[in-house]
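Input: a single structure, listed below in structure tokens.
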Amino acid sequence: VFGKDINLILVLNNLSSDCKSVRVDMSASTILYTRRAVAEILKAATSVELGPKQGKHIRVKIPYTHYGKYLTTDKRIQVTALCEVMRTHGLKLLVEKTIILEDTNIIIKLPRRVVVNKAVSLEISYANPLPEPVSRCVLLVTLMNQQVKINLARLAPRERSKIYFEFTPRRAGPLQLQVDFSCDKFSHVKGFVTIAVAPA
């Protein structure tokens, strides 16, 4: 989840009946959705001795403080591990994983029934998932082809807050509400919901 430390486990298994010595070079970078690297956030190397038919786990931690300021709006991190089996004429294995961090910031609560030409109030809850305060918070609400910009108070570390948004639907049928939350530390955290508007 965005704002939390990332914990990974690399599993190495020796399927042979011989002892193996493996060198592991690990790296991680924030990337764009095109897979283009933005910034390297982790570089580590270790060696592991594996007995016959033995497996071992290598734990890797990427703290938020290492990746936070380098993350793009795509919220993607590419992790690679190059495993080289020593004394086997350069036998190598490359393991790659792309991590897409989830947002859990926006929660939209609807009333049980929404009816044409009747004012309705929605609860929009938003949060700061980071271990540091954020300021210049802005909520952009898009509904019925109109955008409303709402300036919000700063949020303390891990703080959740909420506002109430009132509108009157003018026609029956599905209506999509989109919410976009930005601040000085991150931007474009989105939430959306489809509202079923009943006839009067």
Side-chain angles (χ1 to χ4, degrees), residues 1-107 126-137 154-160 179-192:
V1 176
F2 174 58
K4 302 276 180 74
D5 294 347
I6 299 168
N7 292 292
L8 304 169
I9 297 174
L10 175 67
V11 181
L12 295 178
N13 287 312
N14 178 8
L15 303 178
S16 75
S17 50
D18 301 320
C19 291
K20 300 287 185 189
S21 179
V22 183
R23 177 183 164 83
V24 181
D25 289 303
M26 299 200 69
S27 65
S29 298
T30 56
I31 60 169
L32 300 172
Y33 74 95
T34 57
R35 292 173 61 96
R36 187 168 74 81
V38 176
E40 189 173 69
I41 53 172
L42 171 79
K43 199 164 184 63
T46 186
S47 291
V48 179
E49 298 296 326
L50 293 171
K53 309 289 186 189
Q54 186 185 19
K56 282 193 177 174
H57 291 182
I58 298 173
R59 295 184 183 275
V60 181
K61 182 176 183 176
I62 308 174
Y64 165 75
T65 50
H66 286 199
Y67 74 80
K69 63 183 174 185
Y70 301 112
L71 209 59
T72 70
T73 52
D74 297 325
K75 296 188 173 63
R76 289 170 189 254
I77 293 173
Q78 177 89 22
V79 182
T80 61
L82 181 62
C83 308
E84 183 177 2
V85 183
M86 310 309 282
R87 298 184 295 278
T88 56
H89 306 293
L91 178 63
K92 294 179 180 179
L93 174 69
L94 181 68
V95 180
E96 284 190 324
K97 181 167 181 64
T98 301
I99 300 164
I100 303 173
L101 299 176
E102 291 179 16
D103 288 320
T104 54
N105 288 9
I106 305 287
I107 299 169
Y126 53 96
N128 171 16
L130 307 183
E132 55 190 329
V134 297
S135 58
R136 297 201 299 277
C137 302
R154 69 198 301 273
L155 289 172
R158 314 269 188 228
E159 183 184 0
R160 179 169 282 282
V179 177
D180 187 309
F181 178 57
S182 295
C183 65
D184 64 331
K185 300 285 195 312
F186 56 86
S187 60
H188 304 304
V189 173
K190 296 182 187 297
F192 68 91

How long is the span from the [atom1] atom in [X] to the [atom2] atom in [Y], to the nearest 0.5 Å?
| X | Y | atom1 | atom2 | value |
| --- | --- | --- | --- | --- |
| L93 | E84 | CG | CD | 11.5 Å |
| D180 | F192 | CG | CZ | 12.5 Å |
| M26 | I62 | CE | CD1 | 7.5 Å |
| I58 | L10 | CD1 | CG | 5.0 Å |
| D25 | S27 | CG | OG | 8.5 Å |
| I31 | R76 | CD1 | CZ | 6.5 Å |

Taking NZ, NE, NH1 and NH2 as the nitrogens, is one of them in R35 or E96 under 4.0 Å from a carboxylate oxygen of the other?
-> yes
May I ask you to check whether D18 and S16 show a side-chain donor-acceptor distance below 3.5 Å?
-> no
Modelled atom types, side-chain donor and acceptor of S21 and E49, under 3.5 Å | yes
So which heavy atom on [X] is nearest to which on [Y], and how close?
| X | Y | value |
| --- | --- | --- |
| P133 | K185 | O-NZ, 3.4 Å |
| Y67 | I6 | CE2-CD1, 3.8 Å |
| N13 | G55 | OD1-CA, 3.3 Å |
| D5 | P63 | OD1-CA, 3.3 Å |

Would you please test L101 and L71 for side chain to side chain contact (heavy atoms under 4.5 Å, CB included) and show each step?
-> CA-CA 10 Å; L101 299 176; L71 209 59; 3.7 Å; yes
Kindly indicate, with the supporting measurements, whether the criterion side-chain hydrogen bond (donor to acceptor under 3.5 Å, both in side chains) is fulfilled by Y64 and E132.
-> CA-CA 11 Å; Y64 165 75; E132 55 190 329; 3.2 Å; yes
Could you list the donor-acceptor pairs under 3.5 angstrom formed by side chains in residues 38-47, with sequence neighbours left out?
none

Mind telling me whether F181 and F186 have parallel, tilted or perpendicular rings, with 30° and 60° as the class edges?
-> perpendicular
Does the pair S29 and Q78 meet the rule for a side-chain hydrogen bond (donor to acceptor under 3.5 Å, both in side chains), with working shown?
-> CA-CA 5 Å; S29 298; Q78 177 89 22; over 6 Å; no
In the structure I gave you, are the side-chain heavy atoms of [X] and [Y] within less than 4.5 Å of one another anywhere?
| X | Y | value |
| --- | --- | --- |
| C83 | R23 | no |
| K92 | L82 | yes |
| V79 | L8 | yes |
| C137 | S182 | no |
| I77 | Y70 | no |
| R136 | C183 | no |

Go through V189 and Y126 one step at a time and tell me if the side chain to side chain contact (heavy atoms under 4.5 Å, CB included) criterion holds.
-> CA-CA 9 Å; V189 173; Y126 53 96; over 6 Å; no
Taking atom NZ of K56 as the centre, report whether more than 12 heavy atoms of other residues, nucleotides or ligands fall under 6.0 Å from it.
-> yes
Is there a donor-acceptor pair closer than 3.5 Å between any side-chain N or O of N128 and the backbone N or O of E159?
-> no
So, does N14 use its side chain to make a donor-acceptor pair with the main chain of G51 at under 3.5 Å?
-> yes
